[in-house]
Amino acid sequence: MAMMLGKQLNLLKGPCKIASVMTNNYFTTTKEITHPLQRKPNIVSAEEAVACIKSGDTVFASGAAATPIDLLKALTKYGQDKKLQDVTVCHMHTEGPADYCAPENKDIFRSNSFFMGANVRKAVAEGRGDNMSIFLHEIPQLFYKGIVKPDVAIVHVSPPDRHGFCSLGTSVDCVRAAANHSKMIIGQINKQMPRTFGDACIHSSHFDFAVEVDTPLPQHGGKPPSEVENKIGKLIADNLICNGATLQMGIGNIPDAVLNACHNHKDLGIHSEMFANGVVELVRKGCVNNSKKKMHQGRIVGSFLIGNQALYDFVNDNPFIEMYAIDYVNNTSIIKQQPCMTAINSAIEVDLTGQVCSDSIGTRFFSGFGGQVDFIRGAAEGLDGKGVPIIALPSVTNKGQSKIVPILQPGAGVVTSRAHVHYVVTEYGIASLFGKNMRQRAYELIQISHPDHRERLEKSAFERLKVMPSC
């Protein structure tokens, strides 16, 4: 064996065979995924790649547009065929069918969501899946502190460049932390995954197995904002976004409506855990140029994204976009340094004191904490004193129920506390809550509620506060 030192061991392809490696020593192995190792990954089929997963394992999967759908489908079938048990699949929001959460697989797989997407809601509601309440910026700590210990990380990446580096593409978020702390890494190498810059590098030598695919990424968007959403977007753009502001927004029609209303703004910047399709046109028009940012000047900063093909084409191989880990992008000490930091986040309901519920409908969990509190607080702490934390929502649901409520539904969770909230926006106006007492807050919020519900809300406020709401 001594003669083998420093020479590659070319191991056979197939299930559970480790990639070609040098004899392990301090200088030839490292868990840091950007450091090239003297080995090459086994290129195998999806079925062969997942054969290394066994009962009781914890499997991490990357999410959003980078959900490794092909490998997760193969994992589900493998678990069924081999009658695996108690495999935990942990992840942020994922796309695709999530068949591992189907009722017939309840003894094989259990999903554990750091932020819950629509494809696992039913499993969580029926007790077949789990979810966490955790700030987005703290998710990497789950891996750093050994609270979550992945046996296998399944990551979705671009093809390697001439140096062997793949890109994590549309999702850096907590993927680096998970991959760096996993015993094994399986790479889904997709010709259609954009190559992004920033902290997105992973060297292909860290893949124990790699599966090559050529499949489109999941897409969101295409449905134009409604009249109500456009009114909200215009109110925010005209009154709360100044020239030179740095924007954070999530996904959905309200963020797109805000961006659509910003076409006369100048020198806007983007520092956001994710950004939407509307950013592309603002960049092309010159409205977004990031020129006023003191950090990453001239560049958009994000952590993950999902949108349409135009967005993916825009970020591909584009040094104007930098993708970083979520514990950096969503760190309040970084957020508060951005000029005129303007955070735009949505909610399910807001009570008359300003408490914001964003993750649940009554006792039923809907999503997660996400980055709302990270950015609402970071904007409020803006070092230039010009930060603007915004909660935006339509005044009523699709069924005509008021989203401004006397009290949150029983069992509903408070994501953003009443002390964190500064501005709440509906299609009827802007409520400014910072520095207001409860009587004044109730008045402000009733003024932006739907007219059909104002009398009832006013009566409820009087019953609760023993005084009429007033400015």
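Numbering of residues begins at 1 and proceeds along the displayed sequence.
At least one side-chain heavy atom of Gln372 sits under 4.5 Å from a side-chain heavy atom of Val415. Counting only heavy atoms from C-beta outward, the side chains of Val211 and Ser45 never approach each other to under 4.5 Å. Taking the side chain as every heavy atom from C-beta outward, Phe115 and Ile139 never approach each other to under 4.5 Å. With contacts defined as side-chain heavy-atom distances shorter than 4.5 Å, the pair Phe314/Ile321 qualifies.
Crowding of Phe365 atom CZ: a count of heavy atoms from other residues, nucleotides or ligands under 6.0 Å not exceeding 12. Heavy atoms of other residues, nucleotides or ligands lying less than 6.0 angstrom from NZ of Lys231 number 12 at most. For Lys386, the NZ atom sits in a loose shell: 12 or fewer heavy atoms of surrounding residues, nucleotides or ligands are nearer than 6.0 Å. Heavy-atom contacts from other residues, nucleotides or ligands closer than 6.0 Å to NZ of Lys436 number more than 12. More than 12 heavy atoms of other shown residues, nucleotides or ligands fall within 6.0 angstrom of atom CZ in Phe114. In the displayed structure, Phe434 atom CZ is contacted under 6.0 Å by at most 12 heavy atoms of other residues, nucleotides or ligands. Within a 6.0 Å sphere centred on CG of Asn264, other residues, nucleotides and ligands contribute 12 heavy atoms or fewer.
Using modelled atom types, one finds no donor on one side chain facing an acceptor on the other under 3.5 Å when comparing His263 with Glu281. Remark: the Asp327 side chain and the Gln141 side chain contain no N/O donor-acceptor pair separated by less than 3.5 Å. No hydrogens or angles considered: nothing links the side chains of Gln219 and Asn308 as a donor-acceptor pair under 3.5 Å.
Between His137 and Phe135, the two ring planes are parallel [angle under 30°; tilted spans 30° to 60°]. Note: Phe165 and His203 have perpendicular aromatic rings, judged against thresholds of 30 and 60 degrees for the angle between ring planes.
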### Query
For Glu381 and Arg377, what are the C-alpha separation, side-chain angles and deciding distance, and is it a salt bridge (charged side-chain N to carboxylate O under 4.0 Å, His left out)?
CA-CA 6 Å; Glu381 292 184 2; Arg377 191 64 204 151; 3.1 Å; yes
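Salt bridge annotation for Arg195-Asp317: absent, with no cationic side-chain nitrogen under 4.0 angstrom from a carboxylate oxygen. Using a 4.0 Å cut-off between charged side-chain N and carboxylate O, Asp130 and Arg110 make a salt bridge. A salt bridge is defined here as a Lys NZ or Arg NE, NH1 or NH2 lying under 4.0 Å from an Asp or Glu carboxylate O, and Glu349 with Lys403 fails to meet this definition. Between Asp57 and Lys54 there is a salt bridge, since a side-chain N of the basic residue sits under 4.0 Å from a carboxylate O of the acidic one. Remark: Glu32 engages Arg176 in a salt bridge, criterion side-chain N to carboxylate O under 4.0 Å.
Nearest heavy-atom pair, Leu259 versus Met249, reported as atom, atom and distance to 0.1 Å: CD2-CE, 3.8 Å.
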